[in-house]
Amino acid sequence: MIELLEDQLKLFSQREKIHLEQLIRQSEQIESLSVQVGSLTETIRSLEKSLLQKNGDMQKVEGKNRRMSKLLSNKSEKLMPDAAKEEPAETAPPVLPKDRGNNNAKRKEYFSLETIVEHVYPDDPAFDKEKARVIGSVDSVMYTYSKATFKKIIYRQYNCVQQEKVYSGKAPRSPLQNSNYDASFIAGMLQLRYVYSMPVERIVKYFTENGFELNKATAHGLIKKSAGLMDRLDDVLHTAILEDDYLCMDESYHTILTKEKNKDGKGVRKGYIWASLANTKKLVQYFYENGSRSREVLTNYIGNHYKGAIQSDGLINYKILETDTYPDVIRLACFQHCKRQFLDLANDKEAIGIVNIINRLYQAEHKIDLKWKPDKILEHRQEYAPSILAELKSKLLEIQSNPSTLPKSPLSKAVNYTLNEYDALCNYIVRPDYALDNNAVERCMRSISLSRKNSLFCGSHAGAKRTALLYSLSISCKLHNINSFEYFTDILSRLAYISPIAPDQIYRDLLPDKWTKL
C-alpha cells in the first residue's frame, strides 16, 4: 500500500513538473506576443500621426484655394480687360500635394553583390546571450562602398626537374611587352578616360588618392600602347560598319595641339572627328583624318561600292551622296536640324507654323505600336506622311515668295535650308526602320563634346586617332549594354596571345556586337 502511494506521489510530481514547464513556455509566448503587440501599436500610432499631418496639409491647401477664390470673385481685385473684349482665360485646377508612394515601393535587390551577414544581438547590460533563446529576427540591409583597390601579385615561377626533364612555371602574359600592368589595370584607365570622360591628369590623381602613385607619362604610355595593340580592330570595325545598310553620320571638332602655329601664334587648331553609326549592328566608329572636314574624308570612308541609306545633317559635303556618283545610296536628312533653325525664331509666327507642321509628323510617329510589324509601320507612314510633307513644302514656298521675307534674314536662311533638304527629308517613308532625324549618332557625339570640355585638347594628330579608336569601342559597348571594364579586360588579355597576322575573323569576334565573355 505504501509503495502504491509512493508511485502515485511520483506520478503526481511528474505531472506537476510538466504542467509547470508548459506554464513557463506559455509565459514566454505571451511575453513575445506582448512585444509584437507593442511594436504594432507603435506603428499604428506613427501612421495615425502621419495621416493627421497629411489631413492638416490638405486643409491648409483647401483654405488657400478658398481664399484665392474669394480674391478672384472680388471685382475690385480683378484686372479689367482691354476695350477689345478678350475671352477670359481658363483657370488651371489647383495643384494638390503629391501623395508619397514610397511605403509600398519594392526596393531593388542586388543579388550579384558580395553579401555579408552581421549578427546583431541586444546590447542591454542585463542581456546574456548564453541564457537567452532567439524568438525571431528582422533583417536591415545596408550597402557599403570601398575605395578602388590595387593588388600587387608576385608570380613566383619555379623551375623543376622530373626524370631528368626540366619544367618551368610561366606567369600570365602582360598585354604590353615588358610591362608590369595587367589587362584589368589598363581597362580601368580606359573606362575612366573613354566612358566617364576623365582626363589623364584626374585619373592619375584618383589613383594616387586610392594608394597607387602613377606617373602621368606612364599613364599616357599605357593608353598609347594599348591602342596600338587594338589597332587591327579599327580596320575590322570599318568593314563591319559598311556591311550595315543604314548608317547615321556626323562630325564634331576637337582642339588638337600641332607644331604649326596658327594666326594667333598658338600651336593649336580645330580638328574634326567624324562618326559613323551602323543602326542595325549598333556599332559606332569615330574616324579622324588630320582634322579635315572635307568631302574626301567622307568619300574615302564609304568608298565606291556602299549600298544603303546614309542619314546626316545638311552639311554640303553630304550632298554628293545624292548624285550619280553614288547610285546605290539613299540620303536621309534630319528633321531636327531643320526644326532647330525655326525654333531659334520663337517670336516669328511663320517659323512657329513650320515647327507645328514638323511636330505633326512626330506625333503621327508616336502612334506606332512597338508590336506592329514592319509592313504595318510602312503602311502607316505612307498614309499620314505625304499630305503633311506636301503642306510643309507649300508653306515653305509661300514664305520664300513673300516680299516681306528678306533674303538674308534668319527666316529666309531657315526656309532655304529646309527646302534644300526637302527631298532627303521625304526619303524616311520608304522603309519602316528609317528615323526622322539623326539623333542616334548625335547622342554618340556627346562623348566627343565631353572630351573637348574635360580634356581640352588632343596632344597630336596621332593622339586624336587613338581617341577615335578607343571611343569607338567604348561607345559601341554602351550601345550593347556591355560593361566596358569587363570588355577591355577580356580583349586585352586575349590580344596578348593573338598573332598580329591572325585572320580578320578572329578580330571580328572581339567587336562588341559579337563579343562574349570567357
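Computed over heavy atoms, backbone and side chain alike; hydrogens, waters and symmetry mates excluded. Keep in mind that what you see is a predicted model, and the values were worked out from it rather than measured.
Residue pairs meeting the salt bridge (Lys or Arg N to Asp or Glu O under 4.0 Å) criterion with at least one member in residues 508-518, sequence neighbours excluded: E486-K517, R508-D513. Judged as a side-chain hydrogen bond (donor to acceptor under 3.5 Å, both in side chains), the pairs with a partner in residues 475-485 (not counting sequence neighbours) are, in order, Q191-S484. Screening residues 168-183 for salt bridge (Lys or Arg N to Asp or Glu O under 4.0 Å), with sequence neighbours left out, gives no hits. For residues 276-287, the salt bridge (Lys or Arg N to Asp or Glu O under 4.0 Å) pairs, not counting sequence neighbours, are E243-K281. Residue pairs meeting the side-chain hydrogen bond (donor to acceptor under 3.5 Å, both in side chains) criterion with at least one member in residues 305-321, sequence neighbours excluded: Y246-Q311, E251-Y318, S312-R331, K319-E421.
Seen from the ring of Y428, R381 does not count as a face-on cation partner, given the 6.0 Å and 45° thresholds.
Annotation: side chain of Q400 is not in contact with side chain of L396 (no heavy-atom distance under 4.5 Å). In this structure the side chain of F185 never reaches within 4.5 angstrom of the side chain of N180, judged on heavy atoms.
The side chain to side chain contact (heavy atoms under 4.5 Å, CB included) check on R443 picks up N439, A440, R446, with sequence neighbours excluded. Listed by chain and residue number, K395 satisfy the salt bridge (charged side-chain N to carboxylate O under 4.0 Å, His left out) test with E350 (two or more places apart in sequence, or in another chain). Taking the salt bridge (charged side-chain N to carboxylate O under 4.0 Å, His left out) definition, one finds that D245 meets it with R431, sequence neighbours left out. The salt bridge (charged side-chain N to carboxylate O under 4.0 Å, His left out) check on E391 picks up R360, with sequence neighbours excluded. Not counting sequence neighbours, the partners of V430 by the side chain to side chain contact (heavy atoms under 4.5 Å, CB included) test are Y434.
For S276 (side chain) and M249 (main-chain N/O), no donor-acceptor pair under 3.5 Å exists by modelled atom type. For the pair S197 (side chain) and S451 (backbone), a donor-acceptor distance under 3.5 Å is absent.
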Show me, pair by pair, the donor-acceptor contacts under 3.5 angstrom made by side chains of residues 216-229, not counting sequence neighbours?
residue: K216; atom: NZ; partner: E201; partner atom: OE2; Å: 2.8
residue: S226; atom: OG; partner: L222; partner atom: O; Å: 3.0
residue: S226; atom: OG; partner: I223; partner atom: O; Å: 2.9

N/O donor-acceptor pairs under 3.5 Å from side chains in residues 406-415, not counting sequence neighbours:
residue: S409; atom: OG; partner: L406; partner atom: O; Å: 2.8
residue: S409; atom: OG; partner: S412; partner atom: N; Å: 3.2
residue: S412; atom: OG; partner: P407; partner atom: O; Å: 3.0

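Residues Y253 and R452 share a closest heavy-atom pair of O-NH1, 2.8 Å.
Residues N438 and Q336 have side chains that never bring a donor and an acceptor to within less than 3.5 angstrom of each other. Y362 and D437 are linked by a side-chain donor-acceptor pair at a separation below 3.5 angstrom, with hydrogens and angles left out of the test. For the residue pair Q363/Y384, the side-chain donor-acceptor check at 3.5 Å is not satisfied. For the residue pair R193 / S455, a side-chain donor-acceptor distance below 3.5 Å is found, with atom types taken as modelled. A donor-acceptor pair shorter than 3.5 Å cannot be found between the side chains of H254 and T467.
By the neighbour-count criterion of 12 heavy atoms within 6.0 Å, atom CD of E213 is sparsely surrounded, having that number or fewer from other residues, nucleotides or ligands. Within 6.0 Å of atom CD in Q177, 12 or fewer heavy atoms from other residues, nucleotides or ligands are found, so the atom counts as exposed in its surroundings.
Using a cut-off of 4.0 Å between Lys/Arg side-chain N and Asp/Glu carboxylate O, D490 and R494 are scored as salt-bridged.
Between H238 and Y301, the angle of the ring planes stays under 30°, which puts this pair in the parallel group of the 30/60° scheme.
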